[in-house]
Amino acid sequence: VRELQLPRSDGAAEGEALFIAGIPAMEKFWRRYSPRGSVNAEFLLTKAAGRQSPIESPHVKVTALDCDAAYDRFPYRGEHVTGVVEVTPLGVFVQDLSGRHGDGTITLNAWTADLAGPSATRVAVEGKNIALDEDLHAALPEGVRSGWEQFAPSGRADLRVSIERP
């Protein structure tokens, strides 16, 4: 599928929303990251015989062309996002997903064995010229916000964050 317009929360792109709802891996991804914009998507769909058998998608590759998205557990929205997200039987791979938030740039590379729950995960985030502002503060987990409030950072920063869960 070329230049698929992802559904928006205002109800636009209704046909695309129905399309995504029919592919479990895409629907789960869409709910977790609330992406909007234009993507290319490749799907391998399988279905066993019989009406009640579900459609399965053991391989999905989405190439962001110009999107915006935010992770539901860290809602710091990236804009003009490009890069690749691939769902395979070996896990979810994020390759050079790069975008902007204001004047800052963010690049994400990651792998997780499963989106369904706690699983082996590796995440690398690199940020350049990131504003230490209310948008970033609001996206932080509750336990980290108190440290932010204690030190009251301001200005801009470059950062590298690595997360690994065995």
Side-chain angles (χ1 to χ4, degrees), residues 2-9 20 23-43 57-166:
R2 298 226 180 265
E3 296 188 29
L4 173 69
Q5 291 301 310
L6 295 173
R8 300 187 326 230
S9 59
I20 287 172
I23 303 169
M26 281 294 291
E27 183 178 16
K28 186 184 301 183
F29 178 80
W30 188 75
R31 277 193 321 250
R32 178 155 288 173
Y33 296 93
S34 62
R36 300 182 298 231
S38 184
V39 301
N40 288 341
E42 299 173 31
F43 307 95
S57 50
H59 192 132
V60 176
K61 181 177 180 181
V62 176
T63 302
L65 303 176
D66 184 13
C67 293
D68 64 275
Y71 180 46
D72 62 354
R73 295 182 185 170
F74 189 82
Y76 188 72
R77 196 163 255 332
E79 300 170 336
H80 304 294
V81 174
T82 59
V84 176
V85 177
E86 196 163 2
V87 180
T88 76
L90 299 175
V92 179
F93 298 83
V94 177
Q95 302 160 1
D96 295 322
L97 203 61
S98 195
R100 302 189 64 74
H101 187 93
D103 292 332
T105 59
I106 305 158
T107 301
L108 173 69
N109 285 284
W111 167 80
T112 186
D114 188 1
L115 286 176
S119 63
T121 302
R122 278 187 222 107
V123 178
V125 179
E126 187 171 325
K128 294 195 184 280
N129 200 32
I130 302 300
L132 303 175
D133 61 7
E134 184 52 36
D135 286 353
L136 182 57
H137 175 255
L140 294 171
E142 184 97 18
V144 178
R145 283 188 211 150
S146 61
W148 177 288
E149 291 157 5
Q150 181 179 1
F151 293 103
S154 63
R156 299 193 163 275
D158 292 347
L159 59 95
R160 282 191 184 168
V161 177
S162 295
I163 302 168
E164 188 162 343
R165 178 174 42 208

Check your understanding: Should E42 and H59 be marked as a side chain to side chain contact (heavy atoms under 4.5 Å, CB included) after you check the CA-CA gap, both sets of side-chain angles, and the distance that decides it?
Key -> CA-CA 8 Å; E42 299 173 31; H59 192 132; over 6 Å; no

**Study point:** Side chains of V62 and F43 in contact at under 4.5 Å (non-hydrogen atoms)
**Key:** no

Check your understanding: Restricting to pairs with a member in residues 78-89, which pass salt bridge (Lys or Arg N to Asp or Glu O under 4.0 Å), not counting sequence neighbours?
Key -> none

Review point. In Å and rounded to the nearest 0.5 Å, what is the CG to NE2 distance from L65 to H80?
Key: 13.5 Å

Revision key, fill the gap. Heavy-atom nearest pair, A139 first then P75, reads O-CD, 3.8 Å

Exercise for review: Using salt bridge (Lys or Arg N to Asp or Glu O under 4.0 Å) as the criterion, list what pairs up with R122, not counting sequence neighbours.
Suggested key: E164

Check your understanding: How many angstroms lie between atom CG of D66 and atom CZ of R36, to the nearest 0.5 angstrom?
Key -> 12.0 Å

Check your understanding: What residues, two or more places apart in sequence or in another chain, satisfy side-chain contact (heavy atoms from CB on, under 4.5 Å) together with V123?
Key -> L108, A110, T121, V125, I163

Review point. Got a sec, which residues hit side chain to side chain donor-acceptor pair (under 3.5 Å) with T63, two or more places apart in sequence or on another chain?
Key: none

Study note, to complete from the structure: The side chain to side chain donor-acceptor pair (under 3.5 Å) partners of D72 (sequence neighbours excluded) come to none

Practice item. Working to the nearest 0.5 Å, report the span between CG of L90 and CH2 of W111. Key: 8.5 Å

Between side-chain atoms of residues 149-156 and protein atoms elsewhere (two or more places apart, or another chain), which donor-acceptor pairs fall under 3.5 Å?
{"from": "E149", "atom 1": "OE2", "to": "H137", "atom 2": "NE2", "distance (Å)": "3.0"}
{"from": "R156", "atom 1": "NH1", "to": "N129", "atom 2": "O", "distance (Å)": "2.8"}

**Study point:** By side chain to side chain donor-acceptor pair (under 3.5 Å) - contacts of D135 (at least two apart)
**Key:** H101

**Study point:** Interatomic distance, K61 atom NZ to Q95 atom CD [nearest 0.5 angstrom]
**Key:** 7.0 Å

Check your understanding: Partners of D158 by side-chain contact (heavy atoms from CB on, under 4.5 Å), sequence neighbours excluded?
Key -> K128

Study note, to complete from the structure: For Y71, the ring-ring contact (aromatic ring centres under 6.0 Å, His included) test, sequence neighbours excluded, returns Y33

Review point. Measuring from F93:CZ to T112:OG1, what's the distance to the nearest 0.5 Å?
Key: 10.0 Å

Check your understanding: Are the side chain of N109 and the backbone of D96 linked by a donor-acceptor contact shorter than 3.5 Å?
Key -> yes

Study note, to complete from the structure: By side-chain contact (heavy atoms from CB on, under 4.5 Å), A157 pairs with (sequence neighbours left out) L132

Exercise for review: Identify, with sequence neighbours excluded, every residue that meets side chain to side chain donor-acceptor pair (under 3.5 Å) alongside T105.
Suggested key: none

Practice item. With sequence neighbours excluded, tell me which residues meet side-chain contact (heavy atoms from CB on, under 4.5 Å) with R160. Key: E126

